[in-house]
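Keep in mind it's a predicted model, so treat the numbers as computed, not measured.
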Amino acid sequence: MKTTAVIMAGGRGERFWPKSRVSHPKQFLSLTADGETMIQKTVKRLLPLVAEEDIYISTNEIYRHLAEEQLPNIPKENILCEPAPRNTAPCIAFAAAVINRKYDDAIMLVLPSDHLIGIEDIYVSTLKKAIATAESGNNLVTIGITPTYPETGYGYINFGSECKDAYNVERFVEKPDLATAESYLASGKYLWNSGMFIWKISSIMDNIRKFMPAVYYGAIRIGEAYGSPDYSEVLEKEFKAMPSESVDFGIMEKAENIFTVPGSFGWDDVGSWLAVERINEVDENNNYIEGNVSFSDIKNTTVCGGKRLVAAVGVENVIIVDTDDAVLVCSKNSTQDVKKIIAQLNEQGKTDLI
């Protein structure tokens, strides 16, 4: 069966402000020393499994030019631009309906565009196991990350009995408090929810029809119009009419035949500025320094400089990011709150800085 992939690339990456902006969000930035952007890395590591002609990018119309510029080998017609934000269930249904025009059925990998993978050969072998599980029945498969510490910022997957290369999913659980996360880790029966999904198009569409009929029939109408003169009009009307819902809540928590394949391949969801020190080399004092920076007596600090000199003295556990028009100074304990600055700038009418 043909294997296809949908890379979700419509997010704004607000917790990576001020480098990530509405006009140029995180997935189109390079956060590693090799200069490759997040989305370029995502596509590149898929190539052992999926031909470029079968990779689709789901994004926003304002990012079409970035996707085309950074991914010149992806067919332009494979860049699917959503007319409004509607979360992951409509995104997936839209892409599935379009791919179904090309293939009667196919395996569909659904992957975020802004994750980093440390050990790519293990990543590929894990996806192969997930593909085999998806092909073997009307199964919905997710990749669960083997937890290495009691993370409170991720959802978890509680798994049960083993079925060949995968495990039955007992339930999905929300982000826990620390004590609960510690108990999950100790039990050995929980995985981090990575947000990576694998299924046959027929399997996911059957479940969308069952649990989210408004999304299903809207996607079918979009798929029927794809490539016709009416496509843009139909897409605008039908997609905007869909309810905004995640595939986790809309489908995965309700469906049967849910499986997870555990993965240990150096996964990082790059969710905040804290990720920069995890994915790059740091010095003996656990500092990550980039750009035009001078420093003395600093520890556990990340400094991303720009054109101007950034001088840091006697600071600890701080993030400093300099761009042409904004500077972020943030305690490492508050990186999730960078979005509050975005909200404040909106209230102040400073949308040119967002």
Side-chain angles (χ1 to χ4, degrees), residues 1 3-11 56 58-59 80 82 84-100 103 105-113 115 127 129-145 154-160 163 166-175 190-223 238-263 269:
M1 183 175 283
T3 298
T4 67
V6 175
I7 298 172
M8 297 181 290
Y56 292 76
S58 177
T59 189
L80 307 178
E82 301 171 1
R86 286 295 183 270
N87 216 316
T88 54
C91 162
I92 289 165
F94 168 24
V98 168
I99 297 171
N100 211 35
Y103 302 113
D105 203 1
I107 292 293
M108 179 182 183
L109 313 180
V110 180
L111 307 166
S113 59
H115 292 180
L127 284 179
K129 293 176 183 178
I131 290 168
T133 303
E135 281 184 321
S136 67
N138 191 33
N139 303 326
L140 305 183
V141 186
T142 185
I143 302 296
I145 305 300
Y154 300 150
Y156 283 70
I157 300 167
N158 179 208
F159 63 92
C163 181
Y167 292 83
N168 289 293
V169 171
E170 299 287 342
R171 62 186 180 125
F172 293 89
V173 293
E174 293 303 302
K175 298 174 183 178
Y190 287 82
L191 303 167
W192 289 335
N193 188 351
S194 71
M196 292 185 267
F197 304 102
I198 303 90
W199 40 52
K200 290 184 291 193
I201 288 176
S202 57
S203 300
I204 188 60
M205 290 302 274
D206 283 349
N207 279 282
I208 292 172
R209 180 174 55 194
K210 180 177 180 180
F211 297 111
M212 305 185 74
V215 171
Y216 173 82
Y217 289 107
I220 291 297
R221 286 188 282 269
I222 292 169
E238 298 294 344
F239 197 85
K240 285 185 174 180
M242 293 181 185
S244 180
E245 184 64 274
S246 72
V247 74
D248 300 82
F249 287 118
I251 304 298
M252 301 299 282
E253 294 187 3
K254 301 173 183 176
E256 299 177 350
N257 297 332
I258 308 295
F259 295 89
T260 187
V261 176
D269 77 335

Whether S113 side chain and I7 backbone form a donor-acceptor pair below 3.5 Å: no
Separation of L140 CG from I198 CD1 (nearest 0.5 Å): 10.5 Å
Over all atoms of both residues, closest heavy-atom pair of I92 and M108: O-CE, 3.6 Å
Heavy-atom side-chain proximity of D269 to Y154 below 4.5 angstrom: yes
K240 and R86, any side-chain heavy atoms less than 4.5 Å apart: yes
Any Y217 side-chain heavy atom under 4.5 Å of R209 side chain: yes
Pair F159 + Y190: ring centers closer than 6.0 Å: no
Side-chain heavy atoms of D206 within contact of K210, under 4.5 Å: no
Closest heavy-atom pair and its distance - T260, I143: OG1-C, 4.0 Å
CA sep, side-chain torsions, deciding dist, call: F197, M252, side chain to side chain contact (heavy atoms under 4.5 Å, CB included): CA-CA 10 Å; F197 304 102; M252 301 299 282; 4.0 Å; yes
Modelled atom types, side-chain donor and acceptor of S202 and D105, under 3.5 Å: yes
Straight-line distance of F249 CZ to K254 NZ, nearest 0.5 Å: 10.0 Å
Y56 to I99 - nearest heavy-atom pair and separation: CE1-CG1, 3.6 Å
Non-hydrogen atoms of A166 and F259 that approach each other most closely: CB-CB, 4.0 Å
Polar side-chain atom of N139 near backbone of T133 as donor-acceptor pair, under 3.5 Å: yes
Short side-chain to backbone donor-acceptor contact, T142 and G195, under 3.5 Å: no
Between CG on residue N158 and CG on residue N168, distance to nearest 0.5 Å: 11.5 Å
K129 side chain near I131 side chain, heavy-atom distance below 4.5 Å: no
Heavy-atom closest contact (I157 atom, G144 atom, distance): CD1-CA, 4.1 Å
Check against ring-ring contact (aromatic ring centres under 6.0 Å, His included), Y156 and F172: CA-CA 6 Å; Y156 283 70; F172 293 89; over 10 Å; no
I107 vs K200 side-chain heavy atoms within contact, under 4.5 Å: yes
Shortest non-hydrogen contact from A255 toward F211: CA-CE1, 3.8 Å
Spacing of CD1 belonging to I204 relative to CD1 belonging to I251, to within rounding of 0.5 Å: 5.5 Å
Pairwise side-chain contact, M212 with N207, heavy-atom cut-off 4.5 Å (strictly under): no
Pair N193-V173, side chain to side chain contact (heavy atoms under 4.5 Å, CB included): steps then yes or no: CA-CA 9 Å; N193 188 351; V173 293; over 6 Å; no
Heavy-atom check, side chain of T88 versus side chain of M8, under 4.5 Å: yes
Chi angles and distances behind the side chain to side chain contact (heavy atoms under 4.5 Å, CB included) call for I222, M242: CA-CA 12 Å; I222 292 169; M242 293 181 185; 3.9 Å; yes
Separation of W199 CH2 from I258 CD1 (nearest 0.5 Å): 8.5 Å
Polar contact flag, side-chain donor to acceptor under 3.5 angstrom, E82-S58: yes
Exercise: do N138 and S203 side chains pair donor with acceptor under 3.5 Å: yes
Gap separating the OG atom of S194 from the CD1 atom of I145, nearest 0.5 angstrom: 5.0 Å
